[in-house]
Amino acid sequence: QDFLKSGVAVLAVDLRGHGQSVYDSDFRIRSWRYYSNSQFAKYPKDITDILKYLASNYKDISTTKYAIIGADIGANTAVLASEKMVNKPKALVLMSPTSTFKGLYIPISMTNLGKIPIMAIVSNRDIYSKKEATTLKKFAQAEYNLKIYPVGGMGMLMLKANPSMSKDILNWVLPKIK
C-alpha cells in the first residue's frame with residue numbers, strides 16, 4: 001500500500017505452489033511443501049518470464065526502473081532472476097535471505113549482479129537468516145544495507161511485527177527507481 005500511495009506500480013507475484021497458485025493444469029493441489037528442488041529451480045524463470053510479458057504487453061509500465069522485493073525463497077529467487085535479466089532491477093530487497101534455500105544457491109549470482117544495491121532485512125530472532133545475511137554481504141558488488149529488526153520472525157512475518165518496515169523499504173527503494 002505504501003508503494004501504491006507513492007505512485008509506484010506494484011506487481012505482487014504469487015509463486016507457484018503458494019497462495020492462490022496451488023493448482024496444477026489438472027486442477028490438483030500442488031503446494032510448495034511437496035516440491036522438489038527441481039520445481040523450485042523454475043521460480044527465477046517464472047519471474048523473468050513475467051517481466052518479459054509485461055514489457056511486451058504493457059508499454060506504459062516501465063520494466064527498466066523497478067525493484068524486486070522477495071521474502072524467504074522469494075529473496076533467493078529475486079537474486080537468481082535478476083542475474084539473468086537484460087534490464088536488471090535498480091534495487092533488490094531481500095527479506096530473510098540465505099545462501100541456499102530449497103536448492104536456490106545465490107552467493108555466486110550475487111557477485112554477477114554488478115552495481116545493483118541490495119537491502120537485506122532480518123529479525124534478531126531469526127538467528128539463522130541473520131547469520132546468512134551477514135555472510136552474503138561479502139558477495140555483494142554494490143551497496144549492501146543490512147537492516148536488523150528487533151522482533152518478528154522470518155520473511156513476511158517481520159512486516160506484522162515491525163509496522164515501520166514497509167515505509168523503511170519504500171524510503172530505501174524510491175530514490176533508486178525514480
Side-chain angles (χ1 to χ4, degrees), residues 1-97 101-106 108-121 140-143 145 155-156 158-159 165-178:
Q1 291 301 319
D2 288 332
F3 278 92
L4 292 172
K5 288 176 189 171
S6 295
V8 176
V10 174
L11 173 66
V13 176
D14 186 6
L15 291 172
R16 62 174 80 200
H18 290 75
Q20 299 299 310
S21 298
V22 295
Y23 296 98
D24 67 12
S25 58
D26 295 323
F27 299 102
R28 291 177 295 195
I29 293 179
R30 295 288 183 245
S31 170
W32 65 269
R33 288 177 180 87
Y34 307 104
Y35 278 12
S36 65
N37 285 357
S38 64
Q39 289 168 301
F40 288 116
K42 297 175 184 177
Y43 283 9
K45 185 173 181 327
D46 290 345
I47 300 303
T48 59
D49 286 349
I50 288 167
L51 288 170
K52 284 178 193 172
Y53 178 84
L54 283 174
S56 296
N57 295 287
Y58 296 91
K59 301 297 182 194
D60 55 331
I61 296 176
S62 174
T63 54
T64 59
K65 294 179 358 182
Y66 67 96
I68 299 178
I69 302 170
D72 302 324
I73 197 161
N76 288 43
T77 299
V79 170
L80 295 171
S82 298
E83 178 187 26
K84 296 180 182 340
M85 293 179 194
V86 174
N87 292 321
K88 302 215 182 293
K90 300 296 181 196
L92 293 176
V93 177
L94 310 176
M95 293 184 244
S96 302
F101 197 114
K102 302 290 187 185
L104 300 182
Y105 179 78
I106 63 170
I108 294 169
S109 295
M110 285 183 65
T111 65
N112 294 330
L113 293 179
K115 299 299 176 191
I116 299 174
I118 296 171
M119 175 186 237
I121 302 174
Q141 302 299 302
E143 174 189 353
N145 180 3
M156 296 298 291
M158 286 186 287
L159 282 167
M165 190 171 146
S166 180
K167 288 222 187 297
D168 292 343
I169 293 169
L170 175 73
N171 292 334
W172 187 83
V173 168
L174 267 185
K176 292 162 178 53
I177 61 171
K178 291 287 180 169

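All values reported here derive from a predicted model rather than from experimental measurement.
The neighbour count for Met156 CE, taken as heavy atoms of other residues, nucleotides or ligands under 6.0 Å away, does not exceed 12. The number of heavy atoms from other shown groups lying within 6.0 Å of CG (Leu4) is above 12.
The CD1 atom of Ile69 lies 4.0 Å from the CZ atom of Phe3; values are rounded to the nearest 0.5 Å. Considering NZ of Lys42 and CG of Asp49, their distance stands at 12.0 Å, rounded to 0.5 Å. Of the inter-residue distances, the one linking Met158 atom CE with Met95 atom CE reads 6.5 Å to the nearest 0.5 angstrom. Note that OH of Tyr43 is 5.5 Å distant from CD1 of Ile73, once rounded to the nearest 0.5 Å. We find the OG1-CG distance between Thr77 and Leu94 to be 10.5 Å, quoted to the nearest 0.5 Å. Here the NZ atom belonging to Lys90 is positioned 6.0 Å from the OG1 atom belonging to Thr64, to the nearest 0.5 angstrom.
Considering every non-hydrogen atom in both Tyr66 and Asn87, the closest pair reads OH-O, 2.7 Å. Residue Thr63 comes nearest to Ala55 through the heavy atom pair OG1-CB, 3.5 Å, listed as atom of the first residue, atom of the second, then distance. Shortest non-hydrogen contact noted between Ser96 and Asp72 is CB-OD1, 3.5 Å. Minimum heavy-atom separation, Val79 to Met110: CG1-CG, 3.7 Å. Pro89 approaches Ala67 most closely through the heavy-atom pair CB-CA, 4.3 Å. A pairwise comparison of heavy atoms in Pro44 and Leu80 identifies CG-CB, 3.6 Å as the closest pair.
Remark: the backbone N or O of Pro175 is not paired with any side-chain donor or acceptor of Lys178 at under 3.5 angstrom. Side-chain N or O atoms of Asp2 include none that pairs as donor or acceptor with a backbone N or O of Leu170 at under 3.5 Å.
Side-chain contact check for Lys84 versus Ile47: every heavy-atom pair is 4.5 Å or farther apart. Proximity of Ile121 to Ile169: side-chain heavy atoms (C-beta onward) are separated by under 4.5 Å at one or more points.
In this structure Lys176 satisfies the side-chain contact (heavy atoms from CB on, under 4.5 Å) test together with Ala91, Pro117, Glu143, Trp172, sequence neighbours excluded.
Evaluated for a side-chain contact (heavy atoms from CB on, under 4.5 Å) with Val93, the options Val173, Ile68, Ile118 yield exactly one hit, Val173. Test Thr111, Leu113, Ile106, Thr48 against Glu83 for side-chain contact (heavy atoms from CB on, under 4.5 Å) and you get one pass: Leu113.
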